[in-house]
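In what follows, a single structure is set out as structure tokens and then discussed.
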Number of protein chains: 2
Amino acid sequence: MVPQRFEIIRGTPLFADVSDESFEILTRGAYIQNFPPNMEMITEGEPADFLHIVENGCVELFCQWSGRESSITTLYHNSTFILAATIKNRPYLMSARTLQKSRVVMIPSEDVRSVFGADPDFAIAIVDELSRCYRATIRNMKNLKLRTSLERLGNYILKLHRRQGNTLTIELPIEKRRLASYLGMTPENLSRGLNSLKAHGVEVQGQQILIEDLEALTKFAKPDYLID
Amino acid sequence: MVPQRFEIIRGTPLFADVSDESFEILTRGAYIQNFPPNMEMITEGEPADFLHIVENGCVELFCQWSGRESSITTLYHNSTFILAATIKNRPYLMSARTLQKSRVVMIPSEDVRSVFGADPDFAIAIVDELSRCYRATIRNMKNLKLRTSLERLGNYILKLHRRQGNTLTIELPIEKRRLASYLGMTPENLSRGLNSLKAHGVEVQGQQILIEDLEALTKFAKPDYLID
DNA sequence: GCCTACAATTGACATTTATCAATTAAATAG
DNA sequence: CTATTTAATTGATAAATGTCAATTGTAGGC
């Protein structure tokens, strides 16, 4: 008998194929927590005691060193983090904070590891999820190392364009300062970058972005299916 | 009966725990290839038909976009690549070339996927390997986004120092231009960077690097166990 | 609705990094 | 061993990016 409250994550790829028995074990020690916005829920270096799943809201993974900070990715509905640390029983490499009011499922890492050893279907789902995350990170790395900040910005806008149903009026999903950090640039530079993209058919008004010339932007940004 | 020629990879973590039966299936369709130095063996975008294992020699993973190229990592004895593409049955995201004469074991991806589904021990080993690679990539990313090129260089030297048994006389394992690419800088910049590090106790002579003041270098580079 | 916080923008400037060209050093083939 | 190719270095300069300070814009609390 799986408690009602965990039914939502049952539908995510990571749990879709596990047996009821496994799911029962996974949720037995699990709990759900509601976080306010801007709350640091995980700090890098800490032991990975729980696998986290964002049920709703928005969570940013970021890292720090020597007084600097950088945003790595932003997670939404049904995303898991941080699986690799949980599996390997190693400390988190990234910190996590909520950007909005968020509801997060937390499953004890021990239970994840034991079910993972006992349920081949869960093991397969984990491999799938890890591969997906790994490949996403490699793409991110290529983006960073092969492109200038302006090219990254252009491709980010094109990615939003595709994700938001090929519309030409785009809504930025996160604050500009966080976007800047994600793209590996300063907020000032992002601001100037958005201005520079006017020359390639991009208009900006607050959180709204209008692609006035998709062809020009595409020609400039050169999106690539092995990166974007 | 496992052919003698595959006994070497039997000892690697990925294959150590698989049953003889599984190993037999994995090696049945496998073969070993000897590559000359500087041979591109994999090109990004191609289908991932084989899991590769470097038996000996040295292989560089790199990527390209819009006429630019960047080195992602260098693999040595017993390293696998590129597991995630094999598992997900997706195209390679990186290219691979030999840096030296190398001997590489190639296992058909189909066999990897089928054994992975049938042998839980192999699945566990794969999860372990994927987690390891994923975390290594995250560290790499943090290194790139949180540090200047000079700090990356300093920490690279410190990492070699540790890897080579805490000796103060260090041997660069790869060409400087590839190191530059790996560190996300130009060869010219690397050259100047090495000169700048003189101020922090580093002497360079060709492929040899001498740490004259370990404390000064450490103080400058600030190595971090969550990055390095 | 107004005040207050904070985010975003802009300008001036500094620093970092890349590019181009020329030279020197090192590795390799014959 | 020498000739030839390629890598590494150096100097001069350009471009990209970051920093600091000031201003403008915006969202949320009261």
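Small disclaimer: the values here were computed from a predicted structure and weren't measured. A note on names: the letters A, B, ... follow the listed sequences, proteins ahead of strands, and every chain is numbered from 1.
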To the nearest angstrom, how far is A:L153 atom CG from D:dT17 atom P? 11 Å

Look at all strands and tell whether A:E175 reaches a base, only sugar-phosphate, or nothing, counting heavy atoms closer than 4.0 Å. sugar-phosphate

Do NZ/NE/NH1/NH2 and the carboxylate oxygens of A:K198 and A:E212 come within less than 4.0 Å? no

Name the residue from B:R163, B:R139, B:R147 that meets the salt bridge (Lys or Arg N to Asp or Glu O under 4.0 Å) definition with B:D228. B:R147

At the 4.0 Å heavy-atom cut-off to chain B, mark where contacts on DNA chain C begin and end, going 5' to 3'. C:dT17 to C:dC20

DNA chain D: 5'-proximal contact among A:L150 and B:N189 (nearest heavy atom): B:N189

Return yes if a side-chain donor-acceptor contact under 3.5 Å exists between A:S181 and A:E69, otherwise no. no

How long is the line joining CZ of A:R147 and C1' of D:dT17, in whole Å? 19 Å

Against the side chain of A:T148, the closest entry in D:dT17, D:dT19, D:dT10 is D:dT17

Between P on D:dA8 and CD1 on B:I209, what's the gap in Å once rounded to a whole number? 12 Å

Write down the distance between CZ (A:R192) and P (D:dT19), rounded to a whole number of angstrom. 12 Å

For the pair made of CE in B:M185 and C1' in D:dA16, what is the distance, rounded to whole Å? 16 Å

Decide, for C:dA25, between syn and anti: a glycosidic angle within 90° of 0 counts as syn, anything else as anti. anti

d(CD, B:E188; P, D:dA14) in whole Å: 16 Å

Any side-chain N or O of A:T186 under 4.0 Å from OP1/OP2 of D:dT17? no

A:K222/A:E151 salt bridge by N-O under 4.0 Å criterion: no

Mind checking who D:dT6 pairs with, Watson-Crick or G-U wobble, both distances under 3.5 Å? C:dA25

Looking at B:F35, is B:R103 sitting on its ring face, NZ or CZ under 6.0 Å from the six-membered ring centre and within 45 degrees of the normal? no

Under 4.0 angstrom, heavy atoms only, what part of the nucleic acid is A:G184 near: base, sugar-phosphate, or nothing? sugar-phosphate

In whole angstrom, give the distance that lies between atom CZ of A:R152 and atom C1' of D:dA16. 11 Å

Centroid-centroid under 6.0 Å between A:F50 and A:Y31 rings: yes

Considering all heavy atoms of both residues, which atom of A:F62 and which atom of A:S71 are nearest to each other, and what is their separation? CB-CA, 4.0 Å

By nearest-nucleotide position on DNA chain D, the 5'-leaning member of A:Q207 and B:G206 is B:G206

Nearest whole Å is fine: how far is D:dA15 P from A:E151 CD? 16 Å

